[in-house]
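Start at 1 with the first residue, then count along the sequence.
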Amino acid sequence: MLTSFKRQIVRKLAAPHIFPASSGFGTTAGRAFATSGFPPPRLFDYETVTSNLTVADAIESVEEAFKALAKGKVDVPMPMHIGIEESSVAGPGDCHIKGGYVSGTPTFTVKLACVSFYKNGEKGLPPGSGIFIVVNAVTGAPLGVFQENRFMTDLRTGAAGAIAMKYCATPEQNVVGFIGCGAIAKNMARAAANVRPYKGIAFAIDGAEEFAAEMSSELGLPFEVASSAKELCGKSDVIYTQTPGGSTVLEKDWLNPKGVTIIASGSDQPTKCEIPPDVLAASKYISDLTKQTSKVGELRSAIAAGVMTESDVYAELGEVVNGDKAGREGTEIIVVDLTGTGAQDAAIGEVAWNKLSQL
């Protein structure tokens with residue numbers, strides 16, 4: 001039984017005047033305003049996105065995002081991963097959800113990226129897809145939905161690779177190797193060319209010849225094809241690795257003794273690994289975001305092997321960009337572990353909105 005006092009409380013809480021009439025809440029008009037007051041977000045299809053954005057658009061904004069990240073001025077939650085197991089009605093595949101907000105900017109971004117849907121080939125479809133949702137940071141209303149199908153992800157990854165080369169290799173280190181020659185490698189090659197000219201070397205199980213010819217023609221730089229990963233490593237001052245990450249792609253005794261910078265971007269979930277633990281342990285190890293690389297990056301495998309802990313991380317990339325930590329200092333091995341951060345997604349999202357919303 002409710003006491004008289006309790007009944008009074010219930011009646012007061014249920015009364016329509018619990019909110020002032022001027023607020024609009026508690027009324028039919030208020031509810032309508034709350035649900036329909038924002039215009040729908042603009043939709044930018046894949047052709048519009050790919051026709052109007054380049055990796056050069058991303059470099060400056062991603063560099064600024066890394067600076068802010070190192071200063072603690074970016075809200076970047078841990079990525080969400082959904083595994084789609086293979087069955088008669090689904091998969092196999094993986095879905096990653098990332099996002100972030102850079103303090104002081106007018107937008108934030110949430111990204112959904114689907115990868116490794118390998119059965120799509122049977123349907124004439126690519127194995128990956130994705131969208132970026134760019135949101136007004138003042139009102140919280142979605143501004144634009146970008147059907148980028150990993151194109152914007154690859155741009156911001158390439159931009160991070162360029163920034164790693166800019167701050168962790170010297171101008172004299174001008175022989176750049178690419179292990180894995182797919183879409184990400186092309187953006188790495190394009191972005192690196194925005195840093196400085198170089199001589200490229202390519203190796204992949206498939207596609208190295210086509211990659212070398214295309215990049216040489218597009219960038220006006222010399223490229224050659226290596227017969228093995230070992231040959232490429234022996235010749236290279238900088239090595240970009242961007243493979244599916246199912247197994248390691250190089251060995252410590254293959255590396256240039258004059259010093260090498262390895263920029264690894266193939267590991268972005270706990271099942272992947274490109275760089276052997278002994279190479280990581282011997283390196284000046286730089287993460288894009290340590291809390292992330294320790295869970296899904298190359299650092300994870302070194303921790304699992306018992307040869308590193310998080311305390312062995314030399315720096316996060318933003319600390320090097322800010323000048324808080326030195327980049328290359330001699331003939332050391334440097335490994336830059338790029339798992340992809342929500343800060344980069346926020347950066348390329350804002351660039352995309354600023355540019356494409358003017359169309």
Side-chain angles (χ1 to χ4, degrees), residues 79-86 90-98 111-123 125-130 148-158 160-161 164 177-189 191 201-212 214-215 225-226 228-230 232-233 236 239-251 254 262-277 279-280 287-288 292-293 295-302 304-305 335-341 344:
M80 176 180 175
H81 172 250
I82 303 172
I84 313 300
E85 65 178 15
E86 185 173 4
D94 295 283
C95 176
H96 306 286
I97 300 170
K98 294 181 179 179
K111 180 189 73 176
L112 182 149
C114 294
V115 298
S116 305
F117 282 80
Y118 295 119
K119 282 189 175 180
N120 282 359
E122 301 168 5
K123 306 176 182 69
L125 298 171
S129 64
E148 49 89 44
N149 293 344
R150 295 191 53 79
F151 180 80
M152 287 166 58
T153 294
D154 290 348
L155 291 187
R156 60 82 152 147
T157 302
F178 299 87
I179 299 179
C181 295
I184 295 177
K186 292 176 183 179
N187 279 308
M188 292 294 190
I201 305 177
F203 174 76
I205 301 301
D206 295 301
E209 292 81 4
E210 293 82 357
F211 169 85
E214 180 180 347
M215 290 296 97
V225 176
S228 65
K230 182 177 181 179
L232 180 147
C233 289
S236 298
I239 301 171
Y240 287 97
T241 64
Q242 48 280 312
T243 69
S247 60
T248 57
V249 298
L250 51 78
E251 295 182 15
W254 296 355
I262 301 168
I263 302 167
S265 62
S267 181
D268 60 0
Q269 52 184 285
T271 58
K272 296 182 177 182
C273 175
E274 291 186 306
I275 311 302
V279 174
L280 295 165
S287 70
D288 57 2
Q292 195 166 289
T293 62
K295 303 296 189 298
V296 298
E298 300 296 338
L299 179 59
R300 177 204 59 80
S301 61
V335 173
V336 184
D337 191 357
L338 302 178
T339 53
T341 72
Q344 294 162 254

Pairwise distance CD(Q242) to SG(C181) - rounded to 0.5 angstrom: 7.5 Å
Matching residue for I262 among L280, V336, I179, V279 - test: side-chain contact (heavy atoms from CB on, under 4.5 Å): V279
Main-chain N/O of W254 paired to E251 side chain as donor or acceptor, under 3.5 Å: no
Minimum heavy-atom distance between A212 and V225, given as atom pair plus value: CB-CG2, 3.8 Å
Side chains of T248 and C273 in contact at under 4.5 Å (non-hydrogen atoms): yes
Side chains of T157 and N187 in contact at under 4.5 Å (non-hydrogen atoms): no
side-chain contact (heavy atoms from CB on, under 4.5 Å) evaluation trace for K119 with E86: CA-CA 10 Å; K119 282 189 175 180; E86 185 173 4; 2.8 Å; yes
Euclidean distance, E210 CD relative to K186 NZ, rounded to 0.5 Å: 9.0 Å
Option from F178, F203, F211 for which ring-ring contact (aromatic ring centres under 6.0 Å, His included) with Y240 holds: F178
Heavy-atom check, side chain of S265 versus side chain of M188, under 4.5 Å: yes
Side-chain heavy atoms of P270 within contact of K295, under 4.5 Å: no
K98 NZ to L112 CG distance, which is reported to the nearest 0.5 Å: 12.0 Å
Polar side-chain atom of E148 near backbone of T153 as donor-acceptor pair, under 3.5 Å: yes
Any side-chain heavy-atom pair of N120 and P126 under 4.5 Å: no
Pairwise distance OG1(T241) to CG(L250) - rounded to 0.5 angstrom: 7.0 Å
CD1-OG distance between I84 and S116, expressed to the nearest 0.5 angstrom: 11.5 Å
K272 backbone acceptor or donor facing S267 side chain under 3.5 Å: yes
Minimum heavy-atom distance between R150 and A113, given as atom pair plus value: NH1-CB, 3.8 Å
Separation between CG of D288 and CG of L338, rounded to the nearest 0.5 Å: 5.5 Å
Side-chain heavy atoms of S287 within contact of L299, under 4.5 Å: no
Contacts of D94 that satisfy side chain to side chain donor-acceptor pair (under 3.5 Å) - sequence neighbours left out: H81
Result of checking E274, Q292, E298 against D337 for side-chain contact (heavy atoms from CB on, under 4.5 Å): E298
G340 to R156 - nearest heavy-atom pair and separation: CA-NH1, 3.4 Å
Shortest non-hydrogen contact between I263 and A164, atoms and distance: CD1-CB, 3.8 Å
Shortest non-hydrogen contact from D154 toward A183: OD2-CB, 3.7 Å
